[in-house]
Structures are given as structure tokens and as C-alpha cells.
Trainee: 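Quick one: the structure is below, and I'll ask about it shortly.
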Amino acid sequence: MAILIWENFRRGSCREIKLQAMRIEADNFSGRMMSYEKPIRCKRGPPVPMSAKTKRSPESLVDLMARDIQAGVFTPGSWLKQIDLENRYGATRMDVRRALDQLALKRLVRHVPNRGYHVHALDDRQADEIRDVRVILETAAAESMVENVGPADLEDLRRLAARFDELTLTGTILEQYEANIAFHVRLLKLCSNQELVNIVMELRGRGPSAPATQWKTRARIEQSGREHLLMIEALAAHDTAALRRVLTAHIRQTGLEGVASTQPPKHKSG
């Protein structure tokens, strides 16, 4: 009897041990399954929040991209990858595509089917023709500028011209470009014909205004600074003819000695 009782006790203990082992195995299996459900994190860097991709308006994106093209950030002929533009500007794919289409209409970029977009590269003929049109329009605006200029305007222009001169010594080429744009935007603000101003600004965007093509030498940058001051002097003297001469030299980058007077030649009588 004692042997039978001991045998039953031993068998019961074995069954208990087996049940406990089965429970442990089940717990381990559940733990492994839970670990498989954990999300796998991407090691490509933190994603850009969607809120950051929707703050910028399509219009401001077009302006930023156009400014970067003109500043030489994207060189003529270079291809523009949309994923790179999304990351650079924190914009959505749709906004980037719309901005590129707008820039194509402005002829700043060119769309090649099945390939993408690249920065438009002007040939010499196109660049010269754009300069010629700018000369016609900006010299036409000179009279309105002279009529509307006041002391506060002259003070602003002197400050902006001084900033440009300062940056020719201490600034980067992109900072110089931004300072030059600021001066000319303030100058055109004196013109009362807003449609004329809009056309001039569009042409400035299409022309060879990138620093790499606009200022090929340090001497040319310094000459641009001197021409800014000559424009201010002409405005202060209310001298429309002088302002036209300086604007022509500035746009064509010929120097004042290479610009004929805008006044028609006087013929001697007799």
C-alpha cells in the first residue's frame, strides 16, 4: 500500500511539473509573438512632419525657388530632382510639382517629358535681347522715378547701396546678390506704373542675373556699387537723362564710357 501511495504521489508530481513547463513555454511563446508586433523603425533619419510640409504657400515656394535659381544655387542646365526640392524647402510633392510648372511658364526652368525639369540656360542672343528690353523699360521708368523720389527714398537707397558696398568686402556672393536685389526693388518702387515694374521684375528673373554670370570679376562688382551711387545722385539732382545713362550702363555692364547719351543728337543749323 505504501508503495502504491508513493507511486501515485510521484506520478502526480510529474504531471504538475509537466503542466508548469507547458505554462512557461506558452508564456515564452507569447513574449516572442509580442516582440514581432513591435514596429520596425526606419534608420533613414527622422521624417519631416506633415505640418512642416504644409506651412509654405505655393506662391512663396515659387518665389524661393526662383530666387535660388537667380542666385546661382541651381546652375544653368542642372537637373532638379523633386525629392531633393521637397527636402530643401520642406514642401509636399504636389507643391513642388506646381512650383516647377510655374517656373516653366516663367521660362526659368524647362520641362523635358519623361526626364524631368532642368534650369533653363540662356544663349548669348537671348541674354542680349533681354538686356535690350530691360534698357527700354527701365529707362522709360526713369522719369516717373525722378518725379516721385523724396528725401526718405534717397535715405533708403543710400543705406541699401552702402550695404551692398560693405558686402563686396565682407560678404558671400549670395549675400551680395541679395543686397543688389534689395537695392533695385527699392529703386523700382519709385515708379508709379506698377505693370511696368512687374514686367521689369519678371525680365530680371529671366535674365543672366546669377552672380556667376553677372559679376565675373571683383572689378565688375565694385563698378556695380559705384553705379548704384550714381543712380542716387541722378535722383537727388532730378536729372532724368543722367539716370537713364547710368541705368543703361548698369544693365548692359558696359561702363558709362561705353554708353551714348540717351538724348537725340543736336544738328547744327545752316
Trainee: I need the T248 OG1 to R134 CZ distance, nearest 0.5 Å.
Mentor: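 Answer rounded to 0.5 Å: 10.5 Å.
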Trainee: Is any side-chain heavy atom of V73 closer than 4.5 Å to one of R88?
Mentor: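 A side-chain contact exists here, since the closest heavy-atom pair is under 4.5 Å.
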Trainee: Hey, any chance V135 and L190 share a hydrophobic cluster, counting ILVMFWY side chains that come within less than 4.5 Å of each other, even indirectly?
Mentor: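 Per the 4.5 Å side-chain linkage, V135 and L190 are not co-clustered.
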Trainee: Calculate, to the nearest 0.5 Å, the distance between atoms CZ and CD belonging to R158 and E233 respectively.
Mentor: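 Answer rounded to 0.5 Å: 8.5 Å.
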Trainee: Is it true that a side-chain atom of N87 and a backbone atom of I83 form a donor plus acceptor pair closer than 3.5 Å?
Mentor: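 It does hold such a pair.
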Trainee: Classify the side-chain pair Q223/R226 by whether it contains a donor and acceptor separated by less than 3.5 Å.
Mentor: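 R226 and Q223 do have a side-chain donor-acceptor pair below 3.5 Å.
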Trainee: For M145 and C191, which heavy atoms make the closest approach, and how far apart are they?
Mentor: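 The answer is CG-N, 4.2 Å.
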Trainee: I'd like to know whether R131 forms a salt bridge (charged side-chain N to carboxylate O under 4.0 Å, His left out) with D128, so could you lay out the CA-CA distance, the side-chain angles of the two residues, the decisive distance to 0.1 Å, and finally the verdict.
Mentor: CA-CA 5 Å; R131 288 192 188 98; D128 288 341; 3.1 Å; yes
Trainee: I251 and L196: same hydrophobic cluster, using ILVMFWY side-chain contacts below 4.5 Å?
Mentor: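 They do not share one cluster, since no chain of ILVMFWY contacts under 4.5 Å joins I251 to L196.
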Trainee: Heavy-atom distance under 4.5 Å between the side chains of Q102 and L108, does that happen here?
Mentor: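 Heavy-atom side-chain distance check fails, nothing below 4.5 Å.
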Trainee: Measure across A91 and V96 and return the closest heavy-atom pair with its distance rounded to 0.1 Å.
Mentor: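 In this case the closest contact between A91 and V96 is CB-CG2, 3.9 Å.
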Trainee: When you check the side-chain N and O atoms of T240 and R244, is any donor under 3.5 Å from an acceptor?
Mentor: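 The answer is no; no qualifying pair exists.
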Trainee: Checking the side chain of T92 only, and the main-chain atoms of D95 only, is there a donor and an acceptor separated by less than 3.5 Å?
Mentor: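 Indeed, once roles are kept as given, a pair shorter than 3.5 Å links the two residues.
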Trainee: If hydrophobic clusters are built from ILVMFWY residues whose side chains come within less than 4.5 Å, do L100 and V119 share one?
Mentor: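 Both belong to a single hydrophobic cluster.
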Trainee: If you compare all heavy atoms of F183 against all heavy atoms of L157, which two are closest, and at what distance to 0.1 Å?
Mentor: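 Minimum heavy-atom contact is CE1-O, 3.6 Å.
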Trainee: Enter the distance from R93:CZ to Q82:CD here, rounded to the nearest 0.5 Å.
Mentor: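 If I round to the nearest 0.5 Å, the distance is 5.0 Å.
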Trainee: Please report the shortest heavy-atom distance between L229 and A161, naming the atom on each side.
Mentor: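 So the minimum-distance heavy-atom pair works out to CD2-CB, 4.0 Å.
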Trainee: Within the 4.5 Å heavy-atom criterion, are L103 and V62 side-chain neighbours or not?
Mentor: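 Side-chain contact under 4.5 Å: yes.
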Trainee: If you compare all heavy atoms of V149 against all heavy atoms of L235, which two are closest, and at what distance to 0.1 Å?
Mentor: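 Looking at all heavy atoms of both residues, the shortest contact is CG1-O, 3.8 Å.
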Trainee: Answer yes or no: is there a side-chain heavy-atom contact under 4.5 Å between D68 and Y89?
Mentor: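 Yes; the side chains approach each other to less than 4.5 Å.
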Trainee: For a quick test of reading the model, state the closest non-hydrogen atom pair linking T168 to Q176 and the distance between them.
Mentor: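 Looks like CA-NE2, 3.7 Å.
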Trainee: Can you tell if the side chain of R252 reaches within under 4.5 Å of the side chain of D132, non-hydrogen atoms only?
Mentor: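 The answer is yes, as the side chains (C-beta and beyond) meet within the 4.5 Å cut-off.
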Trainee: Are any of the side-chain heavy atoms of H184 and H250 separated by less than 4.5 Å?
Mentor: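 They are in contact (side-chain heavy atoms under 4.5 Å apart), so the answer is yes.
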Trainee: Give a yes or no on this: more than 12 heavy atoms of other residues, nucleotides or ligands lie within 6.0 Å of atom CZ of R110.
Mentor: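 Counting neighbours around CZ of R110, 12 or fewer heavy atoms of other residues, nucleotides or ligands fall under 6.0 Å, so no.
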Trainee: Considering only NZ, NE, NH1 and NH2 on the basic side and carboxylate oxygens on the acidic side, decide whether E129 and R125 come within less than 4.0 Å.
Mentor: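 A salt bridge is present here (some side-chain N lies under 4.0 Å from a carboxylate O).
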Trainee: Would you say the side chain of N193 lies within less than 4.5 Å of the side chain of S144, judging by non-hydrogen atoms?
Mentor: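 The answer is no; the side chains never approach within 4.5 Å.
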Trainee: With rounding to the nearest 0.5 angstrom, report the CD1 to CG distance, I221 to L169.
Mentor: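 It is 10.0 Å, given to the nearest 0.5 Å.
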Trainee: Salt-bridge test for R163 and E175: reply yes if a basic N is under 4.0 Å from a carboxylate O, no otherwise.
Mentor: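 No, this pair does not count.
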Trainee: Transitively linked via ILVMFWY side-chain contacts under 4.5 Å: V197 with L203?
Mentor: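 Yes; L203 is reachable from V197 via cluster members.
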Trainee: Is there a side chain to side chain donor-acceptor pair (under 3.5 Å) between N180 and H228 once you walk through the steps?
Mentor: CA-CA 9 Å; N180 183 61; H228 289 165; 3.1 Å; yes
Trainee: Using a distance-only test with no angle check, is there a side-chain donor-acceptor pair under 3.5 angstrom linking N198 and E202?
Mentor: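 There is no such pair (donor and acceptor under 3.5 Å, judged by atom type) between the side chains of N198 and E202.
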Trainee: I232 versus L154: any side-chain heavy-atom pair under 4.5 Å?
Mentor: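 When only atoms from C-beta onward are counted, L154 and I232 do touch, with a gap below 4.5 Å.
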Trainee: Are D156 and K189 within salt-bridge range, i.e. N to O under 4.0 Å?
Mentor: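 The answer is no: the pair does not qualify as a salt bridge.
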Trainee: Quick one, Y117 with L85, criterion side chain to side chain contact (heavy atoms under 4.5 Å, CB included). Give me CA distance, side-chain angles, the key distance, then yes/no.
Mentor: CA-CA 12 Å; Y117 297 81; L85 298 176; over 6 Å; no
Trainee: Which of these, L187, I181, L188, sits in a side chain to side chain contact (heavy atoms under 4.5 Å, CB included) with V185?
Mentor: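 Of the listed options, the one satisfying the test is I181.
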